[in-house]
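Both backbone and side-chain heavy atoms feed into the values below; hydrogens, waters and symmetry mates do not. A note on names: the letters A, B, ... follow the listed sequences, proteins ahead of strands, and every chain is numbered from 1.
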Amino acid sequence: MAAVKKPKLAVWKFASCDGCQLSLLDCEDELLAIAKEITIANFPEASRAIVKGPYDISLVEGSITTPHDAERIHKIRRMSKCLVTIGACATAGGIQALRNFADVNDFVSIVYANPAYIETLNKSTPIADHVFVDFELRGCPINKYQLVEFISATLNGRKPNIGTHSVCMECKMKGNVCVMVSSGIPCLGPVTQMGCGALCPSYNRGCFGCFGPMESPNTKSLAAWFERLQVPSDDIVRMFRGFNAYAEPFRKESEAHEK
Amino acid sequence: MTEITLPDKDVVVLERKNFQGLLDALSDSGYELLGPIVRDSAIVYERIHAVDELPVGWVDVCEPGKYRLVKEKKKTLFGCTIGSQSWRRFLHPPTSKLWEATRDGNGFKVIQPEPDQVKRALIGVRSCDLAALAIHDKILSQGQYIDHSYQERRRNLFVVAVNCVRPGGTCFCASMKTGPKATSGFDLALTEMYVSNRHYFIVEPGSKAGKKLVDKLPVRQPKESEIKAAQKELNKAASGMTRTIDSEHIGKLLNEKFDDPHWEAIAERCLACGNCTMVCPTCFCTNVEDSTDLTGQHAQRQRWWDSCFTVDYSYIHGGSIRTSVTSRYRQWMMHKLVYWQEQFGMSGCVGCGRCITWCPVGIDITEEARQLTVKE
Ligand code: SF4
Ligand code: SF4
Ligand code: SF4
Ligand code: SF4
Ligand code: SF4
């Protein structure tokens with residue numbers, strides 16, 4: 001293997017909290033193995049040493065919220081063979097996409113002492129609204145096993161084993177008792193994509209929808225069931241308006257319950 | 001409905017105070033005991049050791065999309081019916097490694113996983129789940145395609161069945177002819193009796209191993225009145241089920257409804273979440289996945305419970321053939337009630353009602369089958 005040139009990996013940050021990049025650092029055991037197989041060419045969070053592009057894999061964290069970033073993502077796309085968005089911000093606009101449901105200038109005037117210095121876009125948008133995305137790693141934050149699986153698959157020229165079905169299937173395989181059926185706790189698991197290992201239901205909480213809409217999300221039916229569970233409309237709006245608020249199926253559902 | 005009776009031979013009585021003796025006798029014979037316990041507000045099957053770990057005094061209330069446990073004064077051990085998930089996870093686990101391989105020069109070395117030779121005793125298997133076990137036996141361990149890991153685990157199984165004297169709220173085994181009394185496929189079958197503050201079990205051996213175990217227990221001959229009382233309870237349970245499927249005609253009736261508009265109406269409510277297939281005791285579909293590690297020096301083949309509700313399930317070269325939820329729900333119900341007949345000469349549904357209770361939006365297979373076939 002030594003003769004083969006190692007593929008180069010870059011990590012890019014847009015509007016985000018760094019949590020997904022930290023998932024990469026959190027790989028600990030696997031990180032050494034990753035570093036052996038690929039050159040981590042551009043990852044400021046981990047190292048100041050930067051190797052010039054082009055890059056074989058670009059992991060992009062964060063959403064587009066400024067005119068400058070809207071330019072920058074095109075440059076990154078041009079330098080990247082394979083561009084992968086990591087996390088809810090990059091794939092759906094993130095929690096900061098809550099601004100998309102209001103007028104951003106109202107926030108700017110409240111939050112900043114000198115609003116005049118703030119140059120921001122009206123909406124927080126996913127990377128895929130700007131450039132072609134090769135693969136999406138969902139989650140808030142992403143799951144490190146899915147990240148390692150993606151990298152392993154890419155290095156070995158195979159398709160990553162990353163499903164797009166519901167959290168419920170993971171939940172049941174794990175042996176959990178359904179919190180919605182057994183305790184009437186509203187849960188977004190049935191409309192949310194797998195990947196977290198049904199983390200919240202494993203701790204008797206409803207799923208918050210971190211991994212965004214699953215492959216065929218029937219949000220309308222689930223929301224109707226929430227109503228039967230006596231969840232007030234305001235809360236239904238808030239449930240769908242989380243980290244993936246701007247993902248279309250969730251956005252439409254929250255809007256449908258807004259009076 | 002045919003009258004339910006207990007056999008007049010070999011049936012004995014075990015007093016409640018001696019129940020631990022039954023568990024101990026099984027443990028002493030090297031069995032790992034698995035039985036119902038209360039966890040997270042529901043009945044789940046887990047490792048048990050002592051009788052007081054059982055759901056003493058609990059009763060389950062089941063309806064479409066809703067499950068609650070309530071405590072009763074009677075200190076029954078098996079007052080609840082079936083667990084929230086079936087026993088199949090012990091014989092056909094949710095995920096399993098089929099083999100792994102490491103690179104070896106120009107080739108590779110295959111490493112087979114160790115066979116699972118744990119002797120398991122399942123305590124409290126209901127008749128519907130016994131029927132499901134028989135279905136899996138036929139599909140997975142007889143005929144042309146054998147699942148050796150299933151066969152291995154199955155060989156080492158001891159089954160203590162419990163006849164239902166109270167059906168759960170979503171049960172319909174009577175109409176599927178799979179319950180509420182166990183008729184075969186068990187080593188021991190118990191009927192729990194709790195009458196005028198007397199608490200005992202009518203024990204029916206169903207195999208040589210079962211008989212041998214009974215010989216080790218402090219049992220006595222039943223009185224005729226005790227047998228009669230138990231039979232009365234079982235018949236009451238059979239006639240107490242509110243849900244039915246016309247199991248004799250449903251296959252033919254449904255088969256004519258492939259293009260019925262009602263499938264679309266169901267799909268408006270169905271989440272395609274797959275819960276119904278995950279909890280079903282007869283579903284056996286799996287996905288097989290190959291993966292490598294980062295170095296490419298190790299590979300493994302893993303299997304996990306799949307569901308006909310996923311898009312990927314029907315992926316063939318070029319794309320998925322069941323993209324609509326309508327087609328996926330139809331596949332599910334048709335497989336259970338129609339195609340299974342053609343494939344295996346039996347029904348794929350045993351009437352346990354789990355898919356009804358544990359569907360997050362309460363879709364009821366009996367009601368939908370009725371809507372599809374009895375409408376007009
Ligand atoms: S708890 Fe949530 S994720 Fe788990 S099965 Fe129920 S609805 Fe699905
Ligand atoms: S379906 Fe029948 S055998 Fe199964 S739990 Fe209900 S009553 Fe018992
Ligand atoms: S019938 Fe219910 S449990 Fe089954 S996939 Fe549809 S919503 Fe999920
Ligand atoms: S289809 Fe439903 S009622 Fe029939 S065996 Fe499966 S889970 Fe039980
Ligand atoms: S096709 Fe669907 S209903 Fe049939 S066994 Fe497989 S998962 Fe269960």
Any cation-pi pair here, A/K159 with B/Y315, using under 6.0 Å and within 45°?
yes

Measure the spacing between OG1 of B/T286 and NE2 of B/H92 and express it to the nearest 0.5 Å.
5.5 Å

Identify which of A/C178, A/P160, A/G163, A/C171 forms the greatest number of heavy-atom pairs closer than 4.5 Å to chain B.
A/C178

Chain A shares the most heavy-atom pairs under 4.5 Å, among B/R269, B/Q85, B/Q302, B/K66, with B/Q85

A/R158 CZ to A/E149 CD distance, which is reported to the nearest 0.5 Å
4.0 Å

Which bit of B/Y45 is near chain A, if near means a heavy-atom gap under 4.5 Å: side chain, backbone, both or neither?
neither

Under 6.0 Å from the six-membered ring centre of B/W87 and within 45° of its axis: does the NZ or CZ of B/R120 meet both?
no

Based on non-hydrogen pairs under 4.5 Å, which of B/V325, B/D293, B/D306, B/T292 is most in contact with chain A?
B/T292

Go through the atoms of A/V148 and report whether side chain, backbone, both or neither lie under 4.5 Å from a heavy atom of chain B.
both

Which value, rounded to the nearest 0.5 Å, describes the distance between B/E289 atom CD and A/I162 atom CD1?
9.5 Å

Under 4.5 Å from a heavy atom of chain A, the part of B/A299 involved:
neither

Sequence neighbours left out, what passes salt bridge (charged side-chain N to carboxylate O under 4.0 Å, His left out) with A/E258? Give chain and number order.
A/R241

With a 4.5 angstrom heavy-atom cut-off, which part of B/S291 approaches chain A: side chain, backbone, both or neither?
both

Looking only at B/S41, B/G65, B/A42, most heavy-atom pairs under 4.5 Å shared with chain A are made by B/G65

Rounded distance (nearest 0.5 Å) linking atom NZ of A/K220 with atom NE2 of A/H257
9.0 Å

Looking only at heavy atoms, which of residues 184-209 of chain A get nearer than 4.5 Å to chain B?
A/G184, A/P190, A/N204

Please classify the contact between A/K174 and chain B as side chain, backbone, both or neither, with a heavy-atom cut-off of under 4.5 Å.
backbone

In terms of side-chain heavy atoms, does A/S216 have a donor or acceptor partner in A/N218 at a distance below 3.5 Å?
no

How about B/W332 and B/Y313: are their ring centroids closer than 6.0 Å?
no

From A/C27 atom SG to B/L294 atom CG, the distance as rounded to the nearest 0.5 Å
9.0 Å

Please determine, among A/N161, A/L155, A/V177, the option with the most heavy-atom pairs under 4.5 Å with chain B.
A/N161

Need one label for A/I34: side chain, backbone, both or neither, based on atoms under 4.5 Å from any heavy atom in chain B.
both

Taking atom CD of B/Q300 and atom NE2 of B/H298, what is their separation to the nearest 0.5 Å?
11.0 Å

Quiz question: by atom type and distance under 3.5 Å, do the side chains of B/D129 and B/S86 form a donor-acceptor pair?
no

Counting heavy-atom pairs under 4.5 Å to chain A, which of B/T95, B/D290, B/T323 comes out on top?
B/D290

If one checks every heavy atom of B/R328 against chain A at 4.5 Å, the contacting part turns out to be side chain

For residues B/V350 and B/A132, report the shortest heavy-atom separation together with the two atoms involved.
CG1-N, 3.9 Å

Per-residue contact mode, B/V44 against chain A (heavy atom under 4.5 angstrom)
side chain

Which one wins on heavy-atom pair count under 4.5 Å against chain A: B/G362, B/G274, B/C273?
B/C273

